[in-house]
2 protein chains.
Amino acid sequence: MPDQPSHKPSGPAAGDTPAELRADARRNRERVLDAAREVFAAQGVDAPMSAVARRAGVGVATLYRRFPTRSALVTAAFEDQLAVCATAFEEAQADPNPGHGLYTLLERICTTLVTDRGFETVFMAGFPEALAYDRQRAVAEERLSHLVQRARDAGQLREDFAPADIPLLLLAVSGLAAQPPETALPAARRLLTYLFQSFQAHPPSRPAPLPPAPPLDLSGLQRPVSAR
Amino acid sequence: MPDQPSHKPSGPAAGDTPAELRADARRNRERVLDAAREVFAAQGVDAPMSAVARRAGVGVATLYRRFPTRSALVTAAFEDQLAVCATAFEEAQADPNPGHGLYTLLERICTTLVTDRGFETVFMAGFPEALAYDRQRAVAEERLSHLVQRARDAGQLREDFAPADIPLLLLAVSGLAAQPPETALPAARRLLTYLFQSFQAHPPSRPAPLPPAPPLDLSGLQRPVSAR
DNA sequence: CCATAAGTGGACGAGGCCCTCCACTTGCCC
DNA sequence: GGGCAAGTGGAGGGCCTCGTCCACTTATGG
């Protein structure tokens, strides 16, 4: 085996370690990630790669060199946000009032879901190759079912509440994400409130008031239809 | 102006009147519509036109000649289904029990929403050029707000229920449509039940039982991600 | 059975996006 | 400064979909 003239102890891991990168390259990598976050949030994770590159002010080649596949870029772009999400799960589990913890957690997740189209896809679909997420996901699921169990034991959830109702709720909220955030956000809050009142084991005869209704009407339902 | 040698009193309206068509052409038109319904239901209204043509066993040219734009095809393909929908609105309005009428109506719509991806888009977005729908939509909206009013007057809906909660519910259900129908259908029923229990003005201290939970878990959230 | 016009299918150019390749530039270490 | 490998940008080939065009086929009325 020929000796290594390179002074680098190890090759760069794919888009992983900005440690060994040249200064300008590292800067560009960050710009790409920032651009990806913006573009994905606005247009979803299927946005053209060239759009991300343009926004970042780099060529496509630069983007592909650092992130060989779309999944790699998506994974890297949402790493932070998923970490925040994981923290939220921890905090929820730590909450002494399980019902409150659950509600707060879901409200947080739903806010992000409805605000960031990219996150919506990543979180709901589990992006391929985002294998690292699998562990997070498993942990999250663990924490969540604990939380549900505790809340039910504490008499805060009705008997026939099922763990599957959580993904059900998340899917429902993600349906609101088709609307612009100004509408989707109040809509999500209102939906959450409605659902949580139904989830309660012993609803008060006079239910708590709702957050304001979103500006929605039947003819205002807008979903971006590809108008080619 | 030159005289008209044609024996036809009027030109064929675009994709509208199969009356003046040659027999084989009319047959092909129907085959195209059937194919469109199937393909749109399975893949959504953005499915390639060529897929519809192939399924119908005709060339693309035939398809384009009969339906010059995608919208025209979509409009024609969902005409019947929207008529059914309009009927459902009428029936709901005619129901002596407004709460029951409202629930039945929404359950019907939601079932279709969750079963047919094409209908979901058409109904939620109002397809461009589907101007004829606008009238239906206006009528529907009229009926709906009547129904809500009556239900609230009858003490079947809580005070702070807003008409905007109907589109909210529809959007939420359409979020479930990302799942395969086997999952989405029970999910929709359960979600509807939850929400209706929340909508009630005076919920019983012991809420009615729920329909069975859908087979959903966090890691099972599937959304077709373009795996290019 | 024939003339004719309506109808048909597949080839084809346009346009968009993906991703690679390569000649050029630039930071880094001496 | 100077050499060099790391880094870069944009051109270009491949693939897919759209929608049109035209030479061929076929229903229909006499």
Side-chain angles (χ1 to χ4, degrees), chain A residues 4-15 17-32 35-36 39-40 43-74 128-129 225-228, chain B residues 4-15 17-32 35-36 39-40 43-74 128-129 225-228:
Chain A
Q4 305 271 336
S6 167
H7 47 84
K8 294 191 176 176
S10 71
T17 340
E20 312 269 6
L21 289 180
R22 226 168 67 177
D24 56 341
R26 181 141 21 128
R27 216 178 320 129
N28 276 342
R29 185 177 184 278
E30 282 313 312
R31 296 176 73 182
V32 166
V39 172
F40 288 161
Q43 309 184 34
V45 291
D46 283 335
M49 295 295 251
S50 57
V52 176
R54 203 175 331 116
R55 174 125 207 161
V58 304
V60 258
T62 302
L63 191 158
Y64 276 106
R65 161 179 290 244
R66 220 51 76 196
F67 306 98
T69 72
R70 181 182 223 88
S71 289
L73 178 57
V74 171
E129 300 193 18
V225 168
S226 63
R228 321 202 185 199
Chain B
Q4 305 271 340
S6 166
H7 49 83
K8 294 193 176 172
S10 70
T17 339
E20 313 270 6
L21 287 180
R22 227 168 69 176
D24 56 341
R26 187 144 14 134
R27 215 178 319 129
N28 276 341
R29 185 177 183 278
E30 282 312 313
R31 298 176 72 183
V32 167
V39 172
F40 288 160
Q43 309 183 33
V45 290
D46 282 335
M49 295 295 252
S50 56
V52 177
R54 201 175 332 115
R55 175 124 207 162
V58 304
V60 256
T62 301
L63 192 158
Y64 277 108
R65 161 179 291 243
R66 221 49 75 198
F67 307 98
T69 72
R70 179 182 225 91
S71 289
L73 178 57
V74 171
E129 301 192 18
V225 169
S226 63
R228 318 203 184 200

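The chains referred to below are lettered A, B, ... by the order of the sequence lines, with proteins before strands, and numbering in each begins at 1.
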Self-check item: With sequence neighbours excluded, residues passing salt bridge (Lys or Arg N to Asp or Glu O under 4.0 Å) with A:Arg55
Solution: A:Glu38
Practice problem: Mind calculating the distance between CG (B:Asp46) and C1' (D:dC16) to the nearest angstrom? | Solution: 15 Å
Quiz item: Does the side-chain contact (heavy atoms from CB on, under 4.5 Å) test come out yes or no for B:Arg66 and B:Leu21, once each step is laid out?
Solution: CA-CA 10 Å; B:Arg66 221 49 75 198; B:Leu21 287 180; 3.5 Å; yes
Exercise. Tell me which of B:Asp24 and B:Ala47 sits closer to the 5' end of DNA chain D, going by the nucleotide each one is nearest to.
Key: B:Ala47
Exercise. Nearest whole angstrom, please: distance from the C1' of C:dT8 to the CZ of B:Arg54.
Key: 18 Å
Quiz prompt | Nearest-angstrom distance from the residue atom CZ of B:Arg26 to P of D:dT26 | solution = 20 Å
Quiz item: Looking at A:Arg22, does any N or O in its side chain come under 4.0 Å of the phosphate oxygens OP1/OP2 on D:dT8?
Solution: no
Quiz item: Does B:Arg27 or B:Met49 map to a spot on DNA chain D nearer the 5' end, using the closest nucleotide for each?
Solution: B:Met49
Quiz prompt | CG on B:Leu63 to CZ on B:Arg54, rounded to 0.5 Å | solution = 12.0 Å
Quiz item: Do you know which two heavy atoms are closest between A:Val52 and A:Ala35, and how far apart they sit?
Solution: O-CB, 3.6 Å
Quiz item: D:dT20 P sits how many Å from B:Leu63 CG, rounded?
Solution: 12 Å
Self-check item: Separation of atom CD in A:Glu20 from atom C1' in C:dC28, rounded to whole Å
Solution: 14 Å
Quiz item: Can you check the B:Arg65 CZ to D:dC18 C1' distance for me, whole Å?
Solution: 18 Å
Quiz item: Does A:Val32 reach the side chain of A:Leu73, with side-chain heavy atoms less than 4.5 Å apart?
Solution: yes
Quiz item: Roughly how far, to the nearest 0.5 Å, is CZ of A:Arg26 from CZ of A:Arg29?
Solution: 10.0 Å
Polar atom pairs between nucleotides 9-13 of chain D and protein, under 3.5 Å, N or O only, would you list them?
{"unit_1": "D:dG9", "atom_1": "OP2", "unit_2": "A:Gly59", "atom_2": "N", "d": "2.8"}
{"unit_1": "D:dG9", "atom_1": "OP2", "unit_2": "A:Thr62", "atom_2": "OG1", "d": "2.4"}

Quiz item: To the nearest angstrom, how far is A:Arg66 atom CZ from D:dA6 atom C1'?
Solution: 9 Å
Quiz item: For A:Arg70 and C:dC19, what is the distance between atoms CZ and P respectively, to the nearest whole Å?
Solution: 7 Å
Exercise. Decide side-chain contact (heavy atoms from CB on, under 4.5 Å) for A:Phe67 and A:Val74; before the verdict, give the C-alpha distance in whole Å, the side-chain angles of both, and the deciding distance to 0.1 Å.
Key: CA-CA 9 Å; A:Phe67 306 98; A:Val74 171; over 6 Å; no
